[in-house]
Visitor: 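Below is the structure I would like to discuss, written out as structure tokens.
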There are 2 protein chains.
Amino acid sequence: MPTHFKGSKKEIESLNTFIKMTRATESINHRLSTYLAESCERLTVSQFGILEALLHLGPSNQKELGRKILKTGGNITLVIDNLEKRNYVKRETDPNDRRASIVSLTTEGKDFISGYFPAHVEKIVEEFSSLTSEELKELGRLCKKVGMKENN
Amino acid sequence: MPTHFKGSKKEIESLNTFIKMTRATESINHRLSTYLAESCERLTVSQFGILEALLHLGPSNQKELGRKILKTGGNITLVIDNLEKRNYVKRETDPNDRRASIVSLTTEGKDFISGYFPAHVEKIVEEFSSLTSEELKELGRLCKKVGMKENN
DNA sequence: TACTATTTGTTTAACATTAAACAAACATGG
DNA sequence: CCATGTTTGTTTAATGTTAAACAAATAGTA
């Protein structure tokens with residue numbers, strides 16, 4: 001559903017692209033999130049994000065994890081609390097800095113995420129299956145170009 | 001930060017594009033949301049979304065609004081409750097269907113949203129200013145193509 | 001060494017978000 | 001007309017999300 005706004009060509013095009021981009025991202029995430037919740041009772045996208053980060057980065061402190069998945073400190077605390085409850089991760093005080101804790105995957109967590117990840121990848125490939133290889137690359141390039149705006 | 005995943009070319013490209021797309025959308029939304037909260041004390045993106053929809057569609061029931069901004073019924077109730085508290089919207093029972101309520105902008109809400117909206121547009125134009133006209137259109141086309149996947 | 005600035009995770013408050021359950025109202029079909 | 005199915009908004013429970021405030025720990029400087 002395009003915007004009802006009446007403005008310059010540039011304005012309308014920008015608004016419409018923003019809407020399409022937001023819609024597409026939300027749709028994909030919704031589908032991924034639904035599939036995830038079905039595959040592992042009520043696991044959420046943010047919890048998955050932490051597990052994924054730990055799988056690839058290895059044990060990390062909360063600050064690093066927050067930076068990796070772009071969430072705030074308070075949020076990380078909650079998400080990790082809930083993952084701890086599920087016994088997917090454990091926290092240990094960092095011997096080098098007692099303010100910090102090192103978060104790592106438990107055996108259970110490792111088993112889950114390494115088992116699930118290929119299905120996750122499969123799902124994502126499926127989400128972009130309507131695009132050609134060239135289009136996929138171009139979409140990535142354009143998103144990166146837009147997202148880089150504030151890095152200058 | 002690209003994925004650490006080792007897989008086929010298609011898989012890696014899909015994952016990377018997904019990450020870029022998500023990152024870009026979140027960045028833009030974060031900046032818009034910050035600007036919005038500064039412009040009107042603690043107004044949230046979802047509240048703005050309802051106001052925007054009402055500005056363009058006129059008085060609507062909650063179901064329509066939920067469909068327009070792609071949020072669930074329970075969430076709409078909360079967001080509108082909070083907008084009502086700010087006296088930006090009002091609810092009236094629909095005379096044709098007593099289960100439903102018609103939500104409309106108050107004078108205050110109308111003043112705010114019609115005054116703020118041009119700045120919102122300006123911000124979005126700015127967010128996409130790194131793209132050429134052609135790129136902007138192409139980004140929109142690709143996002144639409146991806147997002148349409150589940151409409152078949 | 002002492003003081004100040006910075007950092008790390010936690011807590012708090014307010015709001016968002018979903019799925020599921022529910023009640024009232026409406027629509028449909030026999 | 002009545003019974004059944006559907007719809008609309010609300011409530012509930014669980015989780016997410018942010019900014020701000022805070023305390024403990026660390027780093028830097030005089």
Side-chain angles (χ1 to χ4, degrees), chain A residues 22 25-27 29-38 40-51 59-86 88-103, chain B residues 22 25-27 29-38 40-51 59-86 88-103:
Chain A
T22 299
T25 304
E26 280 177 356
S27 294
N29 271 303
H30 186 66
R31 287 191 289 266
L32 289 177
S33 149
T34 301
Y35 183 73
L36 179 61
E38 288 169 355
C40 178
E41 192 174 318
R42 298 200 44 191
L43 195 76
T44 68
V45 166
S46 292
Q47 292 174 7
F48 175 78
I50 293 285
L51 295 178
S60 317
N61 68 39
Q62 290 190 198
K63 178 78 186 206
E64 288 166 341
L65 289 171
R67 223 166 18 215
K68 170 69 179 175
I69 70 171
L70 299 177
K71 301 294 179 185
T72 62
N75 188 226
I76 298 297
T77 297
L78 178 72
V79 174
I80 290 177
D81 283 349
N82 285 323
L83 281 172
E84 248 189 335
K85 282 188 212 157
R86 283 172 172 264
Y88 276 170
V89 305
K90 62 181 183 269
R91 278 182 174 100
E92 284 157 324
T93 305
D94 183 345
N96 298 313
D97 184 344
R98 281 181 300 158
R99 298 171 303 182
S101 48
I102 301 292
V103 184
Chain B
T22 301
T25 305
E26 280 178 355
S27 296
N29 271 302
H30 185 67
R31 287 191 287 268
L32 289 177
S33 147
T34 302
Y35 184 72
L36 179 61
E38 289 169 355
C40 178
E41 193 172 318
R42 302 210 27 205
L43 194 76
T44 68
V45 166
S46 291
Q47 292 172 2
F48 174 80
I50 292 287
L51 295 179
S60 319
N61 66 39
Q62 288 188 202
K63 180 77 184 214
E64 289 165 344
L65 289 170
R67 223 165 18 217
K68 170 68 180 177
I69 71 171
L70 298 179
K71 301 294 179 185
T72 62
N75 188 229
I76 298 296
T77 297
L78 178 74
V79 174
I80 290 178
D81 282 350
N82 286 323
L83 282 172
E84 247 189 334
K85 280 188 215 158
R86 282 173 173 265
Y88 276 170
V89 304
K90 64 181 181 262
R91 279 182 176 99
E92 283 157 323
T93 304
D94 184 345
N96 298 311
D97 183 345
R98 280 179 303 159
R99 297 172 304 186
S101 48
I102 301 292
V103 184

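We name chains A, B, ... by the order of the sequence lines, and we start the count at 1 in each one. For clarity, every value in this text was computed on a predicted model and none was experimentally measured.
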Visitor: Holding to salt bridge (charged side-chain N to carboxylate O under 4.0 Å, His left out), I want the full list of residues that pass it with Arg99(A), two or more places apart in sequence or in another chain.
Guide: Asp97(A)

Visitor: Give the rounded distance in Å between these two atoms: CG of Leu78(A) and C1' of dA14(C).
Guide: 15 Å

Visitor: Can you work out whether Lys85(B) or Leu70(B) has the more 5'-proximal nearest nucleotide on DNA chain C?
Guide: Lys85(B)

Visitor: For the residue pair Gly49(A) and Ile69(A), what are the closest heavy atoms and their distance?
Guide: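 Heavy atoms only, the tightest pair is O-CG2, 3.8 Å.
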
Visitor: Need two values: the first and the last nucleotide of DNA chain D, 5' to 3', having an atom under 4.0 Å from any heavy-atom of chain A.
Guide: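 The contact span of chain A on DNA chain D goes from dA14(D) to dT26(D).
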
Visitor: Given that Ser101(B) and Gly74(A) both sit by DNA chain D, which one's nearest nucleotide is further toward the 5' end?
Guide: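 Nearest-nucleotide comparison on DNA chain D picks Ser101(B).
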
Visitor: Nearest whole Å is fine: how far is dC15(C) C1' from Asn82(B) CG?
Guide: 7 Å

Visitor: Give a yes/no answer on whether the side chain of Thr44(B) brings an N or O atom under 4.0 Å of OP1 or OP2 in dC15(C).
Guide: no

Visitor: What I'd like to find out is whether the side chain of His30(B) reaches to under 4.5 Å of the side chain of Leu70(A), using heavy atoms alone.
Guide: no

Visitor: Is Ser33(A) touching bases, backbone alone, or none of the nucleic acid, heavy atoms closer than 4.0 Å?
Guide: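 No contact.
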
Visitor: Which of these passes side-chain contact (heavy atoms from CB on, under 4.5 Å) with Val103(B): Glu84(B), Lys90(B), Arg91(B)?
Guide: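 Between Val103(B) and the candidates, side-chain contact (heavy atoms from CB on, under 4.5 Å) is satisfied uniquely by Arg91(B).
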
Visitor: Round to a whole Å and report the spacing from CD of Glu38(A) to P of dT18(C).
Guide: 16 Å

Visitor: Report yes if some heavy atom in the side chain of Phe48(B) is under 4.5 Å from a heavy atom in the side chain of Leu32(B); otherwise report no.
Guide: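 When only atoms from C-beta onward are counted, Leu32(B) and Phe48(B) do not touch, as no gap falls below 4.5 Å.
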
Visitor: For nucleotides 24-28 of chain C, list the nitrogen or oxygen atoms of the protein found under 3.5 Å from its nitrogen or oxygen atoms, one pair per line.
Guide:
residue	atom	partner	partner atom	Å
dA25(C)	N3	Arg99(B)	NH1	3.1
dC26(C)	OP1	Arg98(B)	N	2.8
dC26(C)	OP2	Arg98(B)	NH2	3.3

Visitor: If we only count heavy atoms from C-beta on, is the Arg86(B) to Cys40(B) side-chain gap below 4.5 Å?
Guide: yes

Visitor: Write down the distance between CG (Leu43(A)) and P (dA19(C)), rounded to a whole number of angstrom.
Guide: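 Between P of dA19(C) and CG of Leu43(A): 16 Å.
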
Visitor: Would you mind reading off the distance between His30(A) atom NE2 and dT18(C) atom C1', rounded to a whole angstrom?
Guide: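 Rounded to the whole Å, the gap is 9 Å.
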
Visitor: For Lys71(B) and dA19(C), give me the distance from atom NZ to atom C1', rounded to whole Å.
Guide: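 It works out to 15 Å between those atoms.
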
Visitor: Is any side-chain heavy atom of Leu43(A) closer than 4.5 Å to one of Tyr88(A)?
Guide: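 Result yes, sub-4.5 Å side-chain heavy-atom pair found.
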
Visitor: In the structure I gave you, are the side-chain heavy atoms of Gln47(A) and Leu51(A) within less than 4.5 Å of one another anywhere?
Guide: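 No, too far: nothing below the 4.5 Å cut-off.
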
Visitor: Would you kindly give the NZ-to-P distance between Lys63(A) and dT6(C), to the nearest whole Å?
Guide: 13 Å

Visitor: Over all strands shown, is Ser46(A) touching base, sugar-phosphate only, or nothing at heavy-atom distances under 4.0 angstrom?
Guide: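 Sugar-phosphate, no base atom in range.
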
Visitor: What do you reckon, is NZ of Lys63(A) surrounded by more than 12 foreign heavy atoms closer than 6.0 Å?
Guide: no

